Amino acid sequence: MLSKHAMRIILVVISVVAVSGVGLLVKAQLIPKSFGLYGAYRADAIDEEAQRVVRHGTNASCFGCHPYEAKTHLKGDHKTISCEFCHGTYSDHVKSGKKIADLPVKKGAEITTLCLRCHNTEIKARSTIVIKTVAMPDHLEQQKVKLTHNCNQCHNVHAPLKYINEAKKITGLMEEH
Amino acid sequence: MKIEDFSFDMDRREFVKKVLNGAIAGSLILVFPMDTVGVDSQMGISQSDLNLRLPEEIPGIKNNQYDIHRQKFAFVVDITRCIGCGSCCVADKREYNVPDGNYRTWVERYVKDFDDQIYVDCPNGGLDGYQKPRDDIQTGVRDTFFVPKLCNMCKEPPCVQVCPVGATFMTPDGFVLMDSQRCVGCAYCIQACPYSVRFLSPVTKTAEKCTWCYHRVRKGLLPACVEVCPTGARKFGSLNDENSEVYKILKGPGVLTVLKQSMGTLPALYYIGQRLEVV
């Protein structure tokens, strides 16, 4: 039979082992599985971020179903503009190849506001190499049209010079000056 | 009397039990992972559409095994081409459903007068574009330009250094990302970021930041802001691809600058045509 003192020491050793064992178990439970694979973080979080839903498509994904718009858009000076900027995101419109909702088409004064977002001369920062700008209402006065006109009454929004070039062709008029 | 005492004890015991149970159950609500609010899986482009209708914009990623240790990307912003239309801001908000008043990317307007005084403004992060010129500047305007801002993807990220729970980190392919499951919302990273790119989301109550659209890049797509930029002011590409525009720019002789170089954060976001005054 062990002495009382020896029993005490054994008890202390057993309890230390038990407590540290429980501690290690709890630690293993609390630390996520992939923690520390690449560094002091959860490596699975990378894949989770990579799985985030894509909401914007590309222009090519729109042109797949809209060949008429594609033809106009790709020929015009606005070919670099994203469809989704004016019309809304692809994922709001198509789901598994089927249309789920209509996307808004801008109308009237909304169009002018949208055009002037980029084409306003008063915002001086716009490089002439990158973009042609106009001052409103000077441009309307110069072109001798009503001041209430919206941009799309002369310019096709997808190919801004389409109608203008066609009209010049028909009338045989050359650029003034 | 004895019975009364006993029942009284039981009641107390029951009471303590119930309180403890309630407290544990209540705290479990905080411990269990929340549903990711604001990201609805129904809202995204479905997998079949992704395969069918999306072209490959970054070569060598789609349908290939993604080797996280071999990929290297760079982002170049050409200030001389930015017209401040705010398409990028709109696309960014739509791609992530960014809560109002917070911005993962934004476009600042800088105005410089002849006394070298700098005026900076950024109404609604550039979401509504810049429709009107500034009328509060009395002296003559010398120079005006737009500066798009987004995550700099530092190679020495201060935000990662300060995170106490490992919720933000740098991936082996060079992206600084967030783990919203681990984030405790202490906002230390928001203070640490020299570029003010991070914000505390009012929806998830965790820190959020621009990821250079990591989810798109992993599918071979360009980041949403690059996708919609009409003038090519934002450029993104793989440095493993020698034909990519960013590779050519980085290899070429043009002057490239980074923001706050003196802070030693070594950004992977480069600017072309950056003025000295931009911070």
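Lettering follows sequence order; numbering is per chain, from 1. The model shown is predicted, which means the values in this text are computed figures rather than measured ones.
For Arg109(B), the part lying under 4.5 angstrom from a heavy atom of chain A is the side chain only. Heavy atoms of Phe85(A) lying under 4.5 Å from chain B belong to its backbone as well as its side chain. Using a 4.5 Å cut-off between heavy atoms, Cys213(B) makes no contact with chain A at all. For Thr113(A), the parts lying under 4.5 angstrom from a heavy atom of chain B are both the backbone and the side chain. With a threshold of 4.5 angstrom between heavy atoms, Phe63(A) does not approach chain B through any atom at all.
In this structure, CD on Gln131(B) lies 8.5 Å from CG on Leu114(A), to the nearest 0.5 angstrom. A distance of 12.0 Å separates CE in Met178(B) from CD in Glu48(A), rounded to the nearest 0.5 Å.
For Lys219(B) (side chain) and Ala50(A) (main-chain N/O), a donor-acceptor pair under 3.5 Å exists by modelled atom type. Counting only distance, with no hydrogens or angles, the side chain of Arg94(B) and the backbone of Glu84(A) share a donor-acceptor pair below 3.5 Å. For Glu95(B) (side chain) and His56(A) (main-chain N/O), a donor-acceptor pair under 3.5 Å exists by modelled atom type.
When Ser127(A), Gly57(A), Ala40(A), Cys86(A) are compared by the number of non-hydrogen pairs under 4.5 Å with chain B, Gly57(A) comes out ahead. By number of non-hydrogen pairs under 4.5 angstrom with chain A, the leading residue of Asp143(B), Ile68(B), Asp128(B), Thr211(B) is Asp128(B).
Residues Tyr96(B) and Arg52(A) are in side-chain contact: their nearest non-hydrogen atoms beyond the backbone lie under 4.5 Å apart. Taking 4.5 Å as the limit, every side-chain heavy atom of Tyr130(B) sits out of range of all side-chain heavy atoms of Glu122(A).
Listed here is the closest heavy atom pair of Val165(B) and Phe35(A): O-CE1, 4.4 Å. Closest of all the heavy-atom pairs between Ile46(A) and Leu177(B) is CA-CD1, 4.5 Å. The two residues Gly126(B) and Arg117(A) have their closest heavy-atom pair at O-NH2, 3.7 Å. The two residues Met170(B) and Tyr41(A) make their nearest non-hydrogen contact at O-OH, 3.3 Å.
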